[in-house]
Amino acid sequence: MKDISSLTTKVPRVYRVNGHGVTPSAGPFAPFSAESYLIMCPEPVLVDCGARLTYDEMKGNLRLLGLSISDIRYVIGTHYHPDHVGNTALIRRESQAEFALHESDVPFLGRGFPSLNIKEDLDASADIVDLKLTDGQVLRIGDVTFEIVPMPGHTPGSCTILAAVDGYRMAFVGDTVHGVYFLDRSRDAYADLETWADSLERLLSFDFDLMFEGHVFPIHILGNILDTEEEERQNMFGWLMNQMESRRRGIENPKEIIRQQWLMTRRKIVIVPEYWITQLAERLGFGG
């Protein structure tokens with residue numbers, strides 16, 4: 001039985017309502033719906049809102065927190081991809097929520113993932129965007145300040161959202177840090193590694209206490225897991241899940257992770273697309 005503790009993060013007023021472990025429809029590693037973070041303000045805010053396949057599960061998570069969709073006042077998207085903002089139109093049908101997205105991503109709404117030939121109808125046009133965000137824009141919602149920091153590379157309008165809640169300085173990075181694995185430059189021509197590296201370098205210059213990622217994939221430590229013995233695979237899988245559990249609650253001192261990604265993008269190294277990881281889990285017998 002799911003309870004509120006499964007939604008908590010290291011910040012008392014910040015909860016996860018979508019993603020790894022809380023919306024099972026997204027799969028064991030949640031590659032098909034991004035992490036969504038609820039910030040409890042007098043006017044509740046969602047940073048990203050996940051994909052449509054998880055909408056009902058997300059509503060259930062909100063109910064655990066004593067909220068309904070109609071209570072959501074703002075949805076701030078880190079970028080236009082449907083695993084991050086696919087629920088926007090549904091939320092707007094049940095609430096007065098305003099949708100904020102960086103102006104550089106607005107023209108791409110509804111395109112889905114060119115590299116996967118996946119499209120998702122967002123009822124998408126510029127009309128769905130209430131607030132077209134600009135570089136450095138600051139939103140003050142209740143007692144929480146949200147600063148929009150442009151981080152192009154994954155998409156033209158990808159951004160990191162810096163927020164201060166109850167003394168915690170947080171960076172909601174979307175796919176800025178790990179989205180490099182989900183990149184097919186032959187088809188996603190606007191996803192540019194050099195621009196991405198510049199963005200990561202800029203992110204390193206900001207001061208924050210916790211980093212909340214758009215996905216919590218076990219990227220760097222997969223290795224040759226397919227060649228290991230069954231017992232070792234079981235142990236490795238448990239360890240991966242523990243790592244992901246820690247990361248989804250907010251990474252402390254994340255600069256080393258960002259530096260690794262910066263180095264890889266500078267060297268134009270792209271290793272494994274994120275959606276392969278679910279296929280890997282299925283091959284290991286852990287699919288779901």
Side-chain angles (χ1 to χ4, degrees), residues 2-26 30 33-79 81-101 130-131 133 139-148 159-175 208-216 244-245 247-251:
K2 189 186 299 181
D3 59 27
I4 290 177
S5 65
S6 65
L7 310 179
T8 59
T9 71
K10 294 172 181 175
V11 182
R13 283 200 288 156
V14 176
Y15 296 88
R16 289 178 57 260
V17 294
N18 215 319
H20 166 64
V22 297
T23 48
S25 293
S33 189
E35 303 288 302
S36 304
Y37 299 97
L38 172 75
I39 294 89
M40 285 287 206
C41 304
E43 298 179 298
V45 177
L46 283 176
V47 174
D48 287 338
C49 59
R52 287 192 173 198
L53 81 166
T54 61
Y55 185 64
D56 289 339
E57 292 169 329
M58 183 178 69
K59 289 175 70 173
N61 291 332
L62 289 172
R63 282 194 294 272
L64 284 175
L65 298 169
L67 298 177
S68 67
I69 289 293
S70 63
D71 293 312
I72 301 303
R73 186 64 183 86
Y74 294 94
V75 176
I76 305 175
T78 59
H79 61 291
H81 281 160
D83 58 326
H84 288 259
V85 296
N87 277 321
T88 302
L90 295 175
I91 291 172
R92 285 163 56 91
R93 288 171 191 166
E94 296 190 50
S95 75
Q96 298 298 312
E98 296 186 47
F99 179 34
L101 189 71
D130 301 287
L131 300 172
L133 301 173
L139 304 175
R140 186 165 183 86
I141 302 172
D143 61 341
V144 181
T145 298
F146 299 87
E147 180 182 355
I148 309 305
C159 55
T160 283
I161 299 165
L162 300 177
V165 177
D166 299 336
Y168 293 90
R169 296 165 299 179
M170 301 174 295
F172 298 95
V173 298
D175 286 356
F208 48 88
D209 303 311
L210 294 169
M211 181 173 77
F212 292 91
E213 296 186 84
H215 298 276
V216 286
M244 292 163 69
E245 176 71 11
R247 290 172 64 161
R248 77 179 180 86
R249 294 183 183 275
I251 303 172

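All of these numbers come straight from a predicted model, not from anything done at the bench.
Atoms CZ and SG, on Arg140 and Cys41 in that order, are 9.5 Å from each other to the nearest 0.5 Å. Between Ile251 atom CD1 and Leu210 atom CG the span is 9.5 Å, to the nearest 0.5 Å. Taken from CG in Asp175 to NE2 in His79, the straight-line distance is 4.0 Å, to the nearest 0.5 Å.
Judged as a side-chain contact (heavy atoms from CB on, under 4.5 Å), and not counting sequence neighbours, the contacts of Asn61 are Lys2, Leu7, Val17, Val22, Thr23, Leu64. By the side-chain contact (heavy atoms from CB on, under 4.5 Å) test, Ser70 pairs with Ser68, sequence neighbours left out. Applying the side chain to side chain donor-acceptor pair (under 3.5 Å) test to Arg92 and every residue at least two apart in sequence or in another chain returns Asp130. Every side chain to side chain donor-acceptor pair (under 3.5 Å) that Glu35 has, sequence neighbours left out, goes to Arg16. Considering only residues two or more places apart in sequence or on other chains, Asp56 meets the side chain to side chain donor-acceptor pair (under 3.5 Å) condition with none of them. Not counting sequence neighbours, the partners of Arg13 by the side chain to side chain donor-acceptor pair (under 3.5 Å) test are Asp143, Asp166.
Here the side chains of His215 and Asp83 are in contact, with some heavy-atom distance below 4.5 Å. Considering only heavy atoms from C-beta on, Leu131 stays 4.5 Å or farther from Phe99 through its side chain. Side-chain contact between Ile91 and Leu46: present, with at least one pair of heavy atoms (C-beta onward) separated by less than 4.5 Å. Within the 4.5 Å cutoff, no side-chain heavy atoms of Pro44 are placed close to those of Ile39. Within the 4.5 Å cutoff, no side-chain heavy atoms of Thr160 are placed close to those of Thr78. Val75 is not listed as a side-chain neighbour of Glu98, based on a closest heavy-atom distance of 4.5 Å or more.
For residues 40-51, every residue pair satisfying the salt bridge (Lys or Arg N to Asp or Glu O under 4.0 Å) rule, not counting sequence neighbours, is listed here: Glu43-Arg73. For residues 35-73, every residue pair satisfying the ring pair (Phe, Tyr, Trp, His ring centres under 6.0 Å) rule, not counting sequence neighbours, is listed here: Tyr37-Phe172, Tyr37-Phe212.
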Would Ile76 and Leu139 count as a side-chain contact (heavy atoms from CB on, under 4.5 Å) here? Give the steps.
CA-CA 10 Å; Ile76 305 175; Leu139 304 175; 4.1 Å; yes

side-chain contact (heavy atoms from CB on, under 4.5 Å), that's the test. Do Lys59 and Glu57 meet it? Break it down for me.
CA-CA 5 Å; Lys59 289 175 70 173; Glu57 292 169 329; over 6 Å; no

Report the C-alpha distance between Ile69 and Leu62 in whole Å, list the side-chain angles of each, state the deciding distance to 0.1 Å, and finish with yes or no for side-chain contact (heavy atoms from CB on, under 4.5 Å).
CA-CA 7 Å; Ile69 289 293; Leu62 289 172; 3.6 Å; yes

Assess whether side-chain contact (heavy atoms from CB on, under 4.5 Å) is satisfied between Leu67 and Met40, documenting all intermediate values.
CA-CA 10 Å; Leu67 298 177; Met40 285 287 206; 3.8 Å; yes

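Residues Ala164 and Val144 come closest through the heavy atom pair O-CG1, 3.6 Å. Shortest non-hydrogen contact noted between Val165 and Met170 is CG2-CE, 3.3 Å. Taking every heavy atom of both residues into account, Gly214 and His84 meet most closely at CA-CE1, 4.0 Å. When all heavy atoms of Thr88 and Cys49 are compared, the closest pair comes out as OG1-SG, 3.4 Å. Considering all non-hydrogen atoms of both residues, Cys159 and Gly77 come closest at SG-O, 4.0 Å. Of all heavy-atom pairs spanning Gly250 and Lys10, the tightest one is O-NZ, 2.8 Å.
Under the 3.5 Å distance criterion, the side-chain polar atoms of Asn87 are matched with a main-chain donor or acceptor of Ala51. In this structure a side-chain-to-backbone donor-acceptor pair under 3.5 Å is missing from Asp209 to Tyr168.
By the neighbour-count criterion of 12 heavy atoms within 6.0 Å, atom CD of Gln96 is sparsely surrounded, having that number or fewer from other residues, nucleotides or ligands.
In this model, a donor atom of one side chain and an acceptor atom of the other lie less than 3.5 Å apart for Ser33 and Asn18. Side-chain contact annotation: Arg249 with Thr9, donor-acceptor N/O pair under 3.5 Å absent.
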